[in-house]
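Everything on this sheet refers to the single structure shown next.
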Amino acid sequence: MAVRRTETAAQREAAIAAAVTALSAGHLVGLPTETVYGLGADATDGRAVAAIYAAKGRPSFNPLIAHVPDLPAAERHGVFDDRARALARAFWPGPLTLVVVKRPESPISDLASAGLDTIGLRVPADAVTREILTRFGRPVAAPSANRSGRVSPTRAEDVMEELGDAVDEVIDTGPTPVGVESTIVALFDGRARLLRPGGVPREAIEAVLGEALADEPPPVDDAAPLAPGMLSSHYAPAARVRLDAASVAPGEALIAFGPDRPAGADHAAAIFDLSPAGDLTEAAANLFRALRDLDARGVTGIAVAPIPSEGLGEAIVDRLRRAAAPRP
Ligand code: TXA
Ligand code: MG
């Protein structure tokens with residue numbers, strides 16, 4: 001496998017060409033997005049999609065997001081009503097995934113959509129990845145490039161650590177600016193549902209729709225026994241994670257937020273401050289690196305200071321709750 005840097009125009013061109021060649025050959029590519037790095041493959045090639053599930057060790061009933069370069073490309077694979085189009089126009093390219101009815105004529109493999117009659121579509125904002133999508137000309141299925149249940153990668157080196165053996169190429173455009181995955185909104189049965197909080201705050205989506213997002217999961221069918229992405233333990237570091245900590249226990253590390261320090265912070269095994277200024281955008285960008293860094297130091301427990309759950313905080317708290325959930 002090769003890590004492709006993208007600092008100079010020549011490097012970018014070589015990286016884009018290498019990614020398109022690898023995707024065309026049915027191979028896996030580590031692709032940067034503004035949220036997290038993805039593990040990409042040709043969404044129309046069932047064998048390539050199967051290789052994603054194998055590399056991640058992911059249950060094959062968990063559907064993948066198809067990445068496309070723009071709204072017209074998305075409309076070739078999914079049915080967009082006025083609300084879906086309004087959200088796409090407001091937030092694409094950007095950290096929003098829309099789950100809509102899949103067009104019967106879409107060549108996206110059934111394995112990518114896990115046999116559902118809906119499809120998750122997204123236009124990512126990373127300029128290099130969008131150029132890859134434009135030149136490749138087919139949708140790219142890409143879950144986050146971590147082994148199933150582990151912390152999502154926000155840097156090319158994280159992808160190498162997680163899945164280095166499985167990928168042909170990793171395209172390195174630096175640390176991801178948003179740092180938590182896309183917000184997933186389902187718009188296929190007359191309701192607008194929030195399936196996963198993420199990089200676009202709920203409030204911003206509701207402002208465009210002019211209505212509140214429903215929180216209950218969509219009706220499930222037998223092909224999809226799990227609510228989307230909702231294995232309760234997820235994003236799990238090796239260390240035990242404890243939320244809303246009013247104090248730091250002996251031996252624990254601390255994930256801090258803002259200037260306040262819980263009792264016992266002086267004795268923390270390590271401190272990672274998500275945002276000294278208490279800024280939720282900065283905290284989201286740092287979240288997964290904090291979990292990874294503290295894991296790399298070998299800490300056995302992590303106390304997490306309280307984090308407000310409005311705006312981007314909803315996604316941060318969601319990921320931390322999963323990181324803290326009992327492990328299977
Ligand atoms: O920011 C992101 O969304 C990143 C980057 C790489 O684009 N991708 C990502 O993919 O987070 P993944 O596979 O880790 O999470 C995708 C989530 C899963 O929880 C899956 O269940 C849900 O999207 N999903 C995909 N298609 C769906 C569908 N048709 N119906 C319901 N949920 C769907
Ligand atoms: Mg993931």
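Residue indices begin at 1 and follow the sequence shown. As the structure lists them, so they are numbered: ligands from 1, and atoms in each ligand from 1. These numbers were taken from a predicted model, which means no experiment stands behind them.
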Practice task
Look at E161 together with R155 and state whether they make a salt bridge at an N to O cut-off of under 4.0 Å.
Solution key: no

Handout entry: Under-4.0 Å salt bridge between D82 and R85
Key = yes

Practice task
Quick one: name the residues clustered hydrophobically with L254, using the 4.5 Å side-chain heavy-atom rule over I, L, V, M, F, W, Y, and just say none if it's on its own.
Solution key: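 Same cluster as L254: V248, I271.
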
Ligand-residue contact atoms, ligand 1 with [X], heavy atoms, under 4.0 Å:
| X | result |
| --- | --- |
| L116 | 28 (C), 29 (N), 30 (N) |
| L195 | 31 (C), 32 (N) |
| T118 | 28 (C), 29 (N), 30 (N) |
| N62 | 18 (C), 20 (C), 21 (O) |
| S182 | 1 (O), 2 (C), 3 (O) |
| I184 | 17 (C), 22 (C), 23 (O) |

Practice task
Please determine, by modelled atom types, if S24 and R138 share a side-chain donor-acceptor pair under 3.5 angstrom.
Solution key: no

Handout entry: No-hydrogen, no-angle side-chain donor-acceptor test under 3.5 Å, S152 and E181
Key =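 Checked: S152/E181 side chains pair up, N/O donor to acceptor below 3.5 Å.
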
Exercise for the section: Looking only at non-hydrogen atoms, find the nearest pair between G78 and V100 and report the distance. Expected result: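 It is CA-CG2, 3.7 Å.
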
Handout entry: Least distance between heavy atoms, V180 atom then V36 atom
Key = C-CG1, 4.3 Å

Practice task
Step by step, work out the side chain to side chain donor-acceptor pair (under 3.5 Å) result for S182 and R196.
Solution key: CA-CA 8 Å; S182 60; R196 176 176 75 181; 3.2 Å; yes

Practice task
Could you name the option among T33, L64, V36 that has the heavy atom nearest to atom 4 (C) of ligand 1?
Solution key: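 Minimum heavy-atom distance to atom 4 (C) of ligand 1 goes to V36.
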
Practice task
Can you figure out which of P63, P153, S148 has its heavy atom closest to atom 20 (C) of ligand 1?
Solution key: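 The nearest heavy atom belongs to P63.
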
Problem - N/O/S atom of S144 inside 2.8 Å of the Mg ion (ligand 2), strictly under - result: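 So S144 counts as coordinating the Mg ion (ligand 2), yes.
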
Exercise for the section: Sort out for me which residue in T173, T33, T6, T35 forms a side-chain hydrogen bond (donor to acceptor under 3.5 Å, both in side chains) with D126. Expected result: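 Passing option: T173.
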
Judging by distance only, is a nitrogen or oxygen of [X] under 3.5 angstrom from one on ligand 1?
| X | value |
| --- | --- |
| E181 | no |
| S144 | yes |
| K56 | no |
| H67 | yes |

Handout entry: Contact check, A142 vs ligand 1, heavy-atom distance below 4.0 Å
Key = yes

